[in-house]
Asks: 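Following this message is one structure expressed as C-alpha cells.
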Amino acid sequence: MLYLDNPATSFPKPASVEQAMVNAMRLAPGNPGRSSHAGAHAAAELVYSAREALASLFSADPARVVFCQNATHALNLAIKGLLSPGGHLLISELEHNAVLRPAEALAAQGCPFTCYRVGRGRDFTSPEAILTSLKNNLTPQTQMIVACHRSNVVSAELPLREIGAFAAEHGLFFVVDASQSAGCAAIDMEACRISALCAPGHKGLFGPRGSGFVIFGKDVPEEKIGTLIEGGSGSDSASPRMPDELPERLEAGTLAVEAIAGLGAGADYIRKTGAGTIDEKESYLAALARDRLAHLPGVILYTVPRPVGSLVLFNVRGMSCAAAVDALDRAGIALRAGLHCAPLAHRFNGTLREGALRAGFGWFNTEQDVYTLTDALRTLSRRS
Amino acid sequence: MNRCLITLPSLTLAQKARSLLQANGIASSVERLSPERAEKGCGWGIVLSCALAQQAVRVLELSNLPYRKLEPLR
C-alpha cells in the first residue's frame, strides 16, 4: 500500500515508537500517580519523560503538558476550559470541526463566535489581512482567538506570532490547533504568546492513535481552567474537587501510559531528526506532486498563493471524489476524500458541495511515491 | 545521612522539582506520602539530604515552583 493519508494519521511510525509502547506494556506495570511500587514509579517516569520531550519541542513547561486522547479532546478542553460565560470567540475561516463544533455548542449556551478572514489573493494569510479582520470583528465580550497553524485542507499556514501579539495586546486567550504542524513546524509558545497549544500525538509527532495533548502557557491561571471531567487524580484525594494544579487538574482517571510512551518516543525522534528537516522533505514532495498534477488535464488541482506543507488537494474531472478515492484504493494508494471534517475550509476553497481528494506526504514517503500517485491519476483521469 | 522531605501539591510537580534540583546539582527522589503526612489524603514529595534542603527550597522558590512544607524525615 502506498500510504498518503498522513494528515489523518501518520504511517509508518518509527521503530522506536513501537518499542516504547511495548516496553511500557511489559516493563511499567501499575497506575502512574496512584501506587508507590516500582512498577507504578516506572510508569510515572515514562509519563514525565514524555511531558519533558513535548515541552522541549515547544518551549514550554513540562508541568503544563496535559495529555488527551487526541487534538479534538485537547481543543475542547482548552476552548471550553478558558472561555467564561457570555464570552465571544473568534475562529478562523479555515478551522476544523474540532474547533467549529465546540464553538457552535458554546454559541447555543450564550457564547457567540465569529469567523475572521485569512485574506484573499495576494493577501492570503498575510498578517495585515488577518489582523484587519480580527480588529473588525473584535467586541467588548471577545475573550479568545483560535487559529489552526496549518489547515488540513488548503496548503496554508497562519502567522502565529502576529495573531498572538494581537491577542496579548487585547488581553485575549490565544488557542492554537497545531494538528497539521506539530512535528514539522517550529512553534515557540512563549514567542507566539500562545495560551493553549493543542495537537494530536498520532500525526506529525509519530505517536499512536489515541494520543494528544494541550500545553497551557505559563501565564494562564491554572486554577481558573474549567474541567471537562472530574475523577481520581492521585493527589489530595480527600478533597471532593479536582486539584488546582496542572496537569492533574485536567487529567482525571488513568492515563494511557502506552500511548504516552509512544508519543514521547515520537517527540524524541522529531528532536533528533529536526522538525525543519522533516518539513523540508514533505513540502518538497508535495510541491513535486503539485507540479506534476498541474500538467494533467483530467485533474483539477486546487492551489493557493505560497502553498505550505505536505498537502495536495485535487479532484478528477468527471468523477466524484468518492469514486476516485475508491479507484485509487483498488490501485493500492491510500488517500482521503470528502470534506475532511473541515467544511469551513472547503467553503473557502469552493469545494463544499463536491469535496475533494487529499494526498498528504509524510517523512517516510519518497519521490517514487509521487510518481506512482501521479501515474495512477493520469490513468484514472483518462478513463473518467 | 539525615533525610528531609519537601511536600508538593502533585506527582508532576514533585517530578519537576526533582528535575530542577538535579539541574542544580542536588540529588532527590520522588516519594508518595503516607496519608498522615499528606494534607488532603494523598500526596507527593521529594526526599533529599537535609544538608541541601535550604538550598533546594531556594531553587524551588526562584523557579516559582509551589512547595507545601519542608520537614525532617524520622
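In the text below, chain A, chain B and the rest are named by the order of the sequence lines, each starting its count at 1.
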Asks: Would you please go through residues 11-20 of chain B and name the residues with a non-hydrogen atom below 4.5 Å from one of chain A, in numerical order?
Replies: B:Leu11, B:Thr12, B:Leu13, B:Gln15, B:Lys16, B:Arg18, B:Ser19
Asks: Please flag which part of A:Asp61 lies under 4.5 Å from any non-hydrogen atom of chain B: side chain, backbone, both or neither.
Replies: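 Answer is side chain: those atoms of A:Asp61 sit under 4.5 Å from chain B.
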Asks: Highest number of heavy-atom pairs under 4.5 Å with chain B: which of A:Gly33, A:Pro32, A:Ala63?
Replies: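 With the most close heavy-atom pairs to chain B, the winner is A:Gly33.
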Asks: Looking only at heavy atoms, which two atoms of B:Trp44 and A:Ser235 are closest? And how far apart?
Replies: CD1-CB, 4.2 Å
Asks: Answer with side chain, backbone, both or neither: which region of A:Arg34 has an atom nearer than 4.5 Å to a non-hydrogen atom of chain B?
Replies: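 Backbone of A:Arg34 only, per the 4.5 Å heavy-atom cut-off to chain B.
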Asks: What's the spacing between A:Glu245 CD and B:Ser10 OG if we round to 0.5 Å?
Replies: 6.0 Å
Asks: Of all of A:Ala40, A:Gly234, A:Ser239, which one pairs up most often with chain B through heavy atoms under 4.5 Å apart?
Replies: A:Gly234
Asks: Give, as side chain, backbone, both or neither, the part of A:Ser233 having an atom under 4.5 angstrom from any heavy atom of chain B.
Replies: neither
Asks: Quick check: are there more than 12 heavy atoms from other residues, nucleotides or ligands sitting under 6.0 Å from CZ of B:Arg68?
Replies: yes
Asks: If you look at every heavy atom in A:His41 and B:Val30, which pair is closest and at what distance?
Replies: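 Smallest heavy-atom distance, with atoms named: CE1-O, 3.4 Å.
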Asks: How about A:Arg241: does its CZ atom have over 12 heavy atoms from other parts shown lying under 6.0 Å from it?
Replies: no
Asks: Looking at B:Gly43, B:Pro66, B:Pro9, which has the largest count of heavy-atom pairs under 4.5 Å with chain A?
Replies: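 Greatest number of close heavy-atom pairs with chain A: B:Pro9.
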Asks: Taking everything shown except A:Glu45 itself, do over 12 heavy atoms lie less than 6.0 Å from its CD?
Replies: yes
